[in-house]
Amino acid sequence: MAPHDSKRYNPKESEPKWRKAWTDADSFRAVADPNRPKYYVLEMFPYPSGRLHMGHVRNYALGDVIARFKRARGFSVLHPMGWDAFGLPAENAAMERGVDPKAWTYDNIARMRDELKQLGLSIDWSREFATCDVEYYGKQQAWFLDLFAKGLVYRKEGVVNWDPVDQTVLANEQVVDGRGWRSGAVVEKRKLSQWFMRITDYADQLTDDLAALDRWPDKVRVMQENWIGRSKGLKFRFHMAGEAPVSEIEVYTTRPDTLYGASFVGIAPDHPLAAEVAARDPKAAAFVEECRRGAATEAEIETAEKKGYDTGLRVKHPFDPSWELPVWIANFILMDYGTGAIFACPAHDQRDLDFCRKYGLSVRPVILPDGEDPRTFAIGEEAYTGPGILYNSNGLDGLNIESAKRQVIQWMETERRGEGSTVFRLRDWGVSRQRAWGCPIPVVHCEKDGVVAVPKDALPVAHPADIDFSKSGNALDRHPTWKHTTCPKCGGPATRETDTLDTFVDSSWYFARFANPHADEPIDQAAADYWMPVDQYIGGIEHAVLHLLYARFVTKALADDGQLSVREPFAGLFTQGMVTHETYRRQNGEWLEPREVEITVEGNLRRAVLGGTGEPVVIGDSEKMSKSKRNTVAPEEIFDVYGVDAARLFVLSDSPPDRDVQWTSGGVQGAWRFVNRVWDEFDSQPQGETATAEPDAELRRATHKLVKQVTEAIDTFRFNSGIARLYEFLNLLKANPAKGGSPAVLAARREALSAFARLIAPFTPHLAEECWVRIGGQGMVVEAPWPTFDPALTEDAVKILPVQVNGKRRGEISAPAGAEPAEVEKIVLADPDITQRLEGLTVRKIIVVKDRIVNIVAA
RNA sequence: GCCGCCGUAGCUCAGUGGUAGAGCGCAUCCUUGGUAAGGCUGAGGUCGGCAGUUCAAUCCUGCCCGGCGGCACCA
């Protein structure tokens, strides 16, 4: 009998020891072995802020569970790590503290690498790179020039989103509710020359291919679909009636069926025709100017009241040249969607109706809802947008909406007045950033030759070493010598492009670079053919229409350029929830850190006071951990007290991975207690004995059931359920202790503990190794195969069947597994408890569901 | 307004057309040489509401209520 003479489990000793053992054994090196199935696990790589937070712990622990699990199941696993290292924080630090952004960034990387390594992740660190490595962004410049040569990259002057705080341009996706996604500043409109990537060329594919991404959350697919915003409709021309500066106006509509309900034609304030009208009509000019001023920001456009100006111009209705429609300039029409001009059908479009009611324009319904009388159906203040039958529409009368659409489009095409057309909400991706700490755009501007690509053999275009960050604005542009160069074409004087690339460009191909991070070409095709696509990608939902859309686009563009074989980068996507914590505020509203607060519990009531003073503290909702609300918990402090495994276990155990997890000190203590109880069970098992008895059948069955459940839970991303099963099983082990256990129990425990050590390895890898050694396992757990189960043993030999009388539970019986209904009926009717219940009743029917339940219908 | 997700013990969440579960918290007791610890036992649930399908609904269907998220003058 093992005396309780050993020490408690000591993570401080154990955890670093095993991390060193894994490193020494090079356990996590990814090897492209053609004889084994591959599995590529990737978490969205971090920005090197220099500090690990709980969100990182959860993100990387989730990926590590998958990586370790797949490795144990015989896959050749790639699980790399890198740094999304360009971006503004480094420049801001340079401006505020006079440090060099490069040095600042690499310092942060060094610090964060140490912290990440402490997590015990099964990462192949030999593939690590940072996007600010010249080696990486030089290759990015190479493929950028390839796309430039193919016309997928271009420069144009246009109205762009300007972030006044970050002093740079933002892409549409990076403007949220009219504010910059990083800075939160209200975005302004500016006219600038900018570099764009032609993502709209791929709008159809980006939409169509979503359907095949069946291991992506529906939510993300819906968000991308909405963002791309494909709509099918008709573009056609209205001919002008009478004197006009133009002969026709082209409009776009998704409702060609409602053409007989048209009230007016509307054009955007910045439509070329509006400018022509304004040139001769001072009132029109004033209106256009008012629209322009009023619409300085995205947020204002959305809330603005509908306003219009009647130009006095008239167009002919395409179906009836004698029917004239007025042409209005309207502030709610967007120049950069469709053709910047519409026809309005107020009866069946709410915006048009609001406008027509305001200006007293006619409203003529042309779609009759089912069951309505055409003589009495009328439009009030609400447009009718539902299904129905055409009326008031001459030759279209009686058709349904779809047939009417088809017929009108066909007529327009035959008459050469218009054509069926697909329009997207998606805009080309603006990639210019007026910042120095980013990937330089590898072109020069020559007075003679214009924009000229830097020759490939002159890449990389690297940053100068001495950038002056003491003033705001683009430090690269201000540098005294860097931008002055010669034209590669004519040899004359030229200046370098001083805009750099959006950091989302950096992150839109890094996953492919990991296949071989030191290849001469941007992407090593042979290596990428083996590893790509990423089988499981893990990250936050906040990138649903940013990073994830850009990465899909770049993958397709590089595939079309012959640099990649896959057309989708991420076969599986998982979006994990956030780590939240309760918030605490003093009476004066000041936020308090969790450690400053003392919580007392009386019954089910929790109270908080400020430590030391006893001042009452308001306990607020659990919210995402943030510096501003001071509700953060530092991972290293948790590691120090409870160990890494307990921290990993807690963030994995308390919620399904796609939901938020609420960090509590009680929760992490619970995880810590589990770690200790697990160790106790292993520690109490006698060492060095061989099994002398047939293993206890019940414990054996429970073990096999556990292996099945945990395996399935990991396969389906229900890690918390898997861990719940492990908790339950530990209770069962406690009920079958080694101390004083029969030879049968000891023998069954042997099998149970061997499986258990391997089952906990993805969650608490260090503890698993320690346990494995304790029971005399071969080598290390990281090298051990995943436990298997015998399906026959996952079922109980004797089933307890609940017995219902008229649907209510009245007792239970035991029956052999698989017992036939007739046999079960006999057992039921022989049971005194049941027969007593049935006294005075006539049994009408007995329903036996094999191995599950019996229901007696009686009256 | 449209689309989606969620609602199960005090809290955070599993779960299933057929016996309602885990962790934490709470209560009682034991241990006081694992001790800023360990253990035993227990209480606590109209499974958001109403209706329907069914022998049987927490689970399926419909409607409603509440919470969260995304989209939203996109013609």
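Chain letters run A, B, ... following the sequence lines, proteins first, then strands; residues in each count from 1. Nothing here was measured: the structure is a model prediction, and the numbers come from that model.
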Backbone of [Y] reached by a side-chain donor or acceptor of [X] within 3.5 Å:
X: A/Tyr359; Y: A/Gly308; answer: yes
X: A/Arg677; Y: A/Lys734; answer: no
X: A/His348; Y: A/Val366; answer: yes
X: A/Thr339; Y: A/Glu250; answer: yes

Could you give the distance separating [M] and [N] at their [atom1] atoms, to the nearest angstrom?
N: B/G25; M: B/G39; atom1: P; value: 12 Å
N: B/C50; M: B/A72; atom1: C1'; value: 32 Å
N: B/A51; M: B/U19; atom1: P; value: 23 Å
N: B/A9; M: B/C5; atom1: C1'; value: 23 Å
N: B/A56; M: B/C71; atom1: P; value: 46 Å
N: B/A57; M: B/C40; atom1: C1'; value: 37 Å
N: B/G18; M: B/C59; atom1: C1'; value: 11 Å
N: B/G69; M: B/G62; atom1: C1'; value: 25 Å

Item to check | Contact summary for A/Ser231 and A/Tyr337, nearest pair of heavy atoms | outcome: OG-OH, 3.3 Å

Considering Watson-Crick and G-U wobble pairs with both distances under 3.5 Å, what does [N] pair with?
N: B/U41; result: B/A27
N: B/U19; result: none
N: B/U61; result: B/A51
N: B/C71; result: B/G1
N: B/U32; result: none

Using atom [atom1] of [X] as one end and atom [atom2] of [N] as the other, report the distance to the nearest whole Å.
X: A/Ile342; N: B/A75; atom1: CD1; atom2: C1'; value: 5 Å
X: A/Leu733; N: B/G39; atom1: CG; atom2: P; value: 14 Å
X: A/Tyr642; N: B/A36; atom1: OH; atom2: P; value: 14 Å
X: A/Gln662; N: B/G10; atom1: CD; atom2: C1'; value: 13 Å
X: A/Lys405; N: B/A75; atom1: NZ; atom2: P; value: 10 Å
X: A/Gln669; N: B/G25; atom1: CD; atom2: P; value: 7 Å
X: A/Gln709; N: B/U16; atom1: CD; atom2: C1'; value: 13 Å
X: A/Glu582; N: B/C24; atom1: CD; atom2: P; value: 18 Å

Just compare [options] and give me whichever is closest to any side-chain atom of [X].
X: A/Arg425; options: B/A14, B/A72, B/G69; result: B/A72
X: A/Arg673; options: B/A75, B/C73, B/G38; result: B/G38
X: A/Arg677; options: B/G39, B/C3, B/A75; result: B/G39
X: A/Asn331; options: B/G39, B/C73, B/C71; result: B/C73
X: A/Thr253; options: B/A75, B/G70, B/G34; result: B/A75
X: A/Val222; options: B/C3, B/A75, B/G34; result: B/C3
X: A/Asn720; options: B/A75, B/A14, B/G38; result: B/A14
X: A/Tyr727; options: B/C24, B/A75, B/A22; result: B/A22

Next on the checklist: Regarding B/C5, can its base be found pairing with the side chain of A/Lys219 as donor and acceptor, where the two atoms are less than 3.5 Å apart?
Outcome noted: no

Next on the checklist: Taking atom types as they are modelled, would you say the side chain of A/Asn676 forms a donor-acceptor pair with the base of B/G34 within the 3.5 Å cutoff?
Outcome noted: no

Item to check | Ring center gap for A/Tyr550 and A/Trp429 short of 6.0 angstrom | outcome: yes

Item to check | Residue whose closest nucleotide on RNA chain B lies nearer the 5' end, A/Ser653 versus A/Gly670 | outcome: A/Ser653

Checklist entry - In this structure, are over 12 heavy atoms from other groups packed under 6.0 Å from A/Gln350 atom CD? => result yes

Item to check | Derivation of the side-chain hydrogen bond (donor to acceptor under 3.5 Å, both in side chains) call for A/Thr200 and A/Asp428 | outcome: CA-CA 6 Å; A/Thr200 53; A/Asp428 273 340; 2.7 Å; yes

Next on the checklist: By the 4.0 Å heavy-atom rule, please label A/Ser231 as base, sugar-phosphate, or nothing.
Outcome noted: sugar-phosphate

Next on the checklist: Once you apply a heavy-atom cut-off of 4.0 Å, does A/Ile333 come out as touching a base, just sugar-phosphate, or nothing?
Outcome noted: base

Checklist entry - Hey, does the side chain of A/Arg221 come within less than 4.0 Å of B/G70's phosphate (OP1/OP2), counting only N and O? => result no

